[in-house]
Amino acid sequence: MLIDLAKIIELPKIFDERGNLSFLEEDNHIPFKMERVYWIYDVPGGSTRGGHAFKNQHELIIALSGSLDVIIGDGVNERRINLNRSYYGLYIPNMIWRQMDNFSTNSLALVVSSTAFDVTDYVYDKEAYLKLLNVFK
Ligand code: TYD
């Protein structure tokens, strides 16, 4: 199943009484080269982000602060994953439908992406996504 390619990646944790530290390196902790990072913050309660797929982009989503839910789907199966630790990343390969909601107050979601921003990489239409999936299968 396509959706099974998405997975939680546990990042290194350096616990320290002075404060904890985590990190990630491309080709070591994440299965892609990173080209870009962006972050989502100041999300009003009840908001939904995403609601699309990427043709080529792979990504890792980390709740650096607070929590959020990521809903992933592949046209057949759907999963809701709650991210609430800064040392867990959700790896999502290309061609997975994804949406984010249930953001806690002051949540900060970091997205590590395999591509530079490219609006033509977005698939916003669910029907078009399902059609493309048949091609990708
Ligand atoms: P978008 O990815 O559609 O947000 P979401 O999927 O979370 O709802 O991006 C929102 C807007 O920000 C859109 O106009 C494109 C712009 N944007 C950039 O210019 N660069 C970026 O790296 C990203 C992620 C978005």
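Each residue takes its place number in the sequence, starting with 1. Atoms within a ligand are numbered from 1 in the order they appear, just like the ligands themselves.
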From the options R49, E59, E35, select the one whose nearest heavy atom is closest to atom 4 (O) of ligand 1.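 Residue with the shortest heavy-atom distance to the ligand atom: R49.
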Can you confirm whether some protein heavy atom lies under 4.0 Å from [atom], or whether none does?
| atom | result |
| --- | --- |
| atom 12 (O) of ligand 1 | no |
| atom 20 (N) of ligand 1 | yes |
| atom 25 (C) of ligand 1 | yes |

Applying a 4.0 Å heavy-atom criterion (strictly less than), which segment of M100 is in contact with ligand 1: side chain, backbone, both, or neither?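 Neither; no heavy atom under 4.0 Å.
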Select one of side chain, backbone, both or neither to describe which atoms of F54 lie under 4.0 Å from any atom of ligand 1, heavy atoms only.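 Neither; no heavy atom under 4.0 Å.
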In the protein, which heavy atom is nearest to [atom], and how far is it?
| atom | value |
| --- | --- |
| atom 15 (C) of ligand 1 | F117 CZ, 3.4 Å |
| atom 22 (O) of ligand 1 | R36 NH1, 2.5 Å |
| atom 6 (O) of ligand 1 | H52 NE2, 2.6 Å |

For T115 and E35: C-alpha separation, side-chain torsions, deciding distance, then whether side-chain hydrogen bond (donor to acceptor under 3.5 Å, both in side chains) applies. CA-CA 5 Å; T115 65; E35 281 277 332; over 6 Å; no
Backbone N or O of F54 within a donor-acceptor pair of the N94 side chain at under 3.5 Å?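 Between the backbone of F54 and the side chain of N94 there is no qualifying donor-acceptor contact (under 3.5 Å).
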Lys/Arg-Asp/Glu bridge criterion (N-O < 4.0 Å) met for [X], [Y]:
| X | Y | result |
| --- | --- | --- |
| D74 | R79 | no |
| R80 | D69 | yes |
| D101 | R49 | no |

Just jot down the side-chain contact (heavy atoms from CB on, under 4.5 Å) partners of V43, sequence neighbours excluded, or say none.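 Result, side-chain contact (heavy atoms from CB on, under 4.5 Å) vs V43: I40, S47, F103.
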Short N or O distance, G50 and ligand 1, threshold 3.5 Å exclusive: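 Yes.
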Can an N or O of Y122 be found at a distance shorter than 3.5 Å from an N or O of ligand 1?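 Yes; at least one N/O pair falls below 3.5 Å.
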H29 ring center near F23 ring center (under 6.0 Å):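 Yes, ring centres under 6.0 Å apart.
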Yes or no: does Y124 have any heavy atom under 4.0 Å from an atom of ligand 1?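 Yes, Y124 has a heavy atom closer than 4.0 Å to ligand 1.
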Could you check K13 against R85 for side-chain contact (heavy atoms from CB on, under 4.5 Å), going step by step and ending with a plain yes or no? CA-CA 11 Å; K13 302 182 281 281; R85 291 283 181 271; over 6 Å; no
Least distance between heavy atoms, W97 atom then V123 atom: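 So the two residues come closest at CZ3-O, 3.5 Å.
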Y38: numbered ligand 1 atoms lying under 4.0 Å from its heavy atoms: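 Counting atoms of ligand 1 from 1, those under 4.0 Å from Y38 are 24 (C).
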